[in-house]
Amino acid sequence: MTIKCIAVDDEPLALDMVSKFIEQTSFLSLQSKFDNAIQALGYVNQNEVDLIFLDIQMPDLSGMELARILDGKTNSKKPKIIFTTAYNQFAVEGYKVDALDYLLKPFSYEEFLKAATKAYQFFENQKKNTVTKVEVEKQADYIFLKVEYQLVKVMLKDITYIEAYKDYVKVHLKDKPNPVLSLTSMKSMEDLLPADTFMRVHRSFIINLDHIDSVSRNVIHIGNAQIVVSENYKDSFMEFLNKWVG
């Protein structure tokens with residue numbers, strides 16, 4: 001497993017040192033480095049980042065302020081943080097934003113590696129828990145969806161199609177006028193659902209193959225919904241369709 005990292009520090013020497021430490025650690029991959037938190041925030045909003053080595057005292061936007069912004073994100077892919085700072089009075093505040101660790105400058109590579117290893121163990125445990133959860137739920141004929149502050153049980157056979165909606169998904173159900181709105185991603189739903197019944201046909205749509213009413217050219221009809229099959233998913237859907245009509 002490789003952890004995608006960025007380094008953020010307004011001091012050039014400190015930034016170079018952390019970047020060098022990242023590059024010489026086999027399980028870390030340095031994606032970019034920044035001398036201010038505003039540029040780092042822009043990068044995180046546009047790219048997948050697992051871990052940030054983050055200085056705290058910086059002009060314009062401090063590292064702690066950046067951490068609070070990221071901590072407030074609702075999606076599940078917000079990066080974890082290891083603070084790097086010369087001031088130990090921020091340690092308690094750092095853990096309030098769920099920081100993985102806290103490196104007090106000047107720190108050695110040995111201290112850096114200890115914090116990085118802690119991050120590696122965190123992501124390994126997270127990965128194992130996710131795999132276990134998916135395997136268990138794939139064996140069942142239902143899934144649990146996070147809806148507001150509760151988990152809602154949904155039968156797989158009742159799902160007609162799933163639609164992307166910002167950081168959420170809309171799960172449309174048979175004989176239900178309103179979809180279930182759940183805080184998760186399309187990729188997570190695709191991994192969770194059995195591939196023999198559900199198929200991704202568009203960046204924004206996953207369909208239940210058992211609920212297809214008709215197909216005209218590249219448009220799938222499920223009830224009143226008309227779902228276009230995009231080019232990226234056309235081949236796999238046509239393969240299914242050829243078996244279906246055959």
Side-chain angles (χ1 to χ4, degrees), residues 1-4 29 31-32 42-50 73-79 123 126-127 129-147 152-246:
M1 181 184 67
T2 302
I3 301 170
K4 295 180 180 178
S29 174
Q31 304 297 297
S32 194
Y43 182 88
V44 171
N45 285 335
Q46 298 296 323
N47 299 274
E48 184 178 338
V49 177
D50 300 316
K73 284 182 172 293
T74 56
N75 60 44
S76 59
K77 292 298 291 180
K78 58 186 176 185
F123 286 111
Q126 189 180 58
K127 182 180 178 181
N129 291 339
T130 301
V131 170
T132 301
K133 181 180 177 183
V134 169
E135 287 176 347
V136 169
E137 291 182 328
K138 276 186 175 179
Q139 293 172 5
D141 56 359
Y142 59 85
I143 56 173
F144 281 98
L145 297 175
K146 184 178 180 182
V147 181
V152 176
K153 182 179 180 180
V154 175
M155 303 302 294
L156 293 178
K157 63 181 179 60
D158 293 335
I159 300 173
T160 55
Y161 66 96
I162 298 158
E163 178 183 4
Y165 183 71
K166 298 180 181 178
D167 291 333
Y168 295 78
V169 296
K170 290 181 178 180
V171 181
H172 296 263
L173 302 174
K174 183 181 179 181
D175 301 326
K176 299 287 185 182
N178 298 315
V180 173
L181 189 64
S182 178
L183 180 59
T184 188
S185 67
M186 291 292 283
K187 180 64 170 63
S188 295
M189 290 299 298
E190 189 176 13
D191 291 340
L192 184 63
L193 296 166
D196 59 338
T197 308
F198 291 86
M199 181 179 290
R200 187 88 173 259
V201 296
H202 190 280
R203 181 180 178 183
S204 299
F205 290 97
I206 297 171
I207 65 166
N208 186 333
L209 298 171
D210 292 338
H211 284 281
I212 295 176
D213 292 321
S214 62
V215 179
S216 56
R217 294 188 179 179
N218 64 332
V219 178
I220 300 166
H221 301 266
I222 299 178
N224 294 325
Q226 297 183 21
I227 300 168
V228 176
V229 180
S230 69
E231 284 296 323
N232 290 340
Y233 300 94
K234 188 175 181 180
D235 289 345
S236 58
F237 181 70
M238 290 305 298
E239 183 179 346
F240 158 76
L241 198 59
N242 289 334
K243 293 179 182 177
W244 190 39
V245 299

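Val229 places none of its side-chain heavy atoms less than 4.5 Å from the side chain of Met238. Counting only heavy atoms from C-beta outward, the side chains of Asn208 and Met199 never approach each other to under 4.5 Å. In this structure, the side chains of Ile206 and Met189 come closer than 4.5 Å at one or more pairs of heavy atoms. Annotation: side chain of Tyr161 is not in contact with side chain of Ile212 (no heavy-atom distance under 4.5 Å). With a 4.5 Å cut-off on side-chain heavy atoms, Val147 and Leu181 do not count as touching.
Inspection of the Glu190 and Ser188 side chains reveals no N or O donor paired with an N or O acceptor under 3.5 Å.
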Apply the test side-chain contact (heavy atoms from CB on, under 4.5 Å) to residues Thr160 and Leu173: give CA-CA distance (whole Å), side-chain angles for both, the deciding distance (0.1 Å), then the verdict. CA-CA 5 Å; Thr160 55; Leu173 302 174; 6.0 Å; no

Take Val154 and Leu156, measure what side-chain contact (heavy atoms from CB on, under 4.5 Å) needs, and give me the verdict at the end. CA-CA 6 Å; Val154 175; Leu156 293 178; over 6 Å; no

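Scanning both residues, His221 and Ser216, for their nearest heavy atoms gives NE2-OG, 2.9 Å. Between Glu163 and His172, the shortest heavy-atom contact is OE1-NE2, 2.9 Å. Nearest heavy atom pair, residue Val201 against residue Phe237, reads CG1-CD1, 4.0 Å. In terms of heavy-atom proximity, Asp167 sits nearest to Leu183 at O-CD1, 3.5 Å.
Note that CZ of Arg203 is 10.0 Å distant from OG of Ser230, once rounded to the nearest 0.5 Å. The line from CD1 of Ile162 to CD1 of Ile207 is 10.5 Å long, rounded to the nearest 0.5 Å. From Asp191, atom CG reaches atom OG of Ser185 across 8.0 Å, with rounding to the nearest 0.5 Å. In this structure, the separation between CD1 on Ile143 and CE on Met155 is 10.5 Å, given to the nearest 0.5 Å.
At distances below 3.5 Å, at least one donor-acceptor pair connects side-chain atoms of Asp50 with backbone N or O atoms of Lys4. The backbone N or O of Val169 lies less than 3.5 Å from no partner atom in the side chain of Ser182, so there is not a single donor-acceptor pair. Although no hydrogens or angles enter the test, the distance criterion places no donor-acceptor pair under 3.5 Å between the side chain of Ser29 and the main chain of Thr2. For Asp213 (side chain) and Gly223 (main-chain N/O), a donor-acceptor pair under 3.5 Å exists by modelled atom type. Checked by atom type and distance alone, the side chain of His211 never pairs as donor or acceptor with a backbone atom of Asp158 at under 3.5 Å. When atom types are taken as modelled, the side chain of Thr197 and the backbone of Pro194 share no donor-acceptor pair closer than 3.5 angstrom.
A search for side chain to side chain donor-acceptor pair (under 3.5 Å) contacts involving Ser32 returns nothing, not counting sequence neighbours. With sequence neighbours excluded, no residue forms a ring pair (Phe, Tyr, Trp, His ring centres under 6.0 Å) with Phe198. For His202, the ring pair (Phe, Tyr, Trp, His ring centres under 6.0 Å) test picks out Phe205, with sequence neighbours left out.
Ring geometry, Tyr142 versus Phe144: the interplanar angle exceeds 60°, so the pair is classed perpendicular (tilted spans 30 to 60°).
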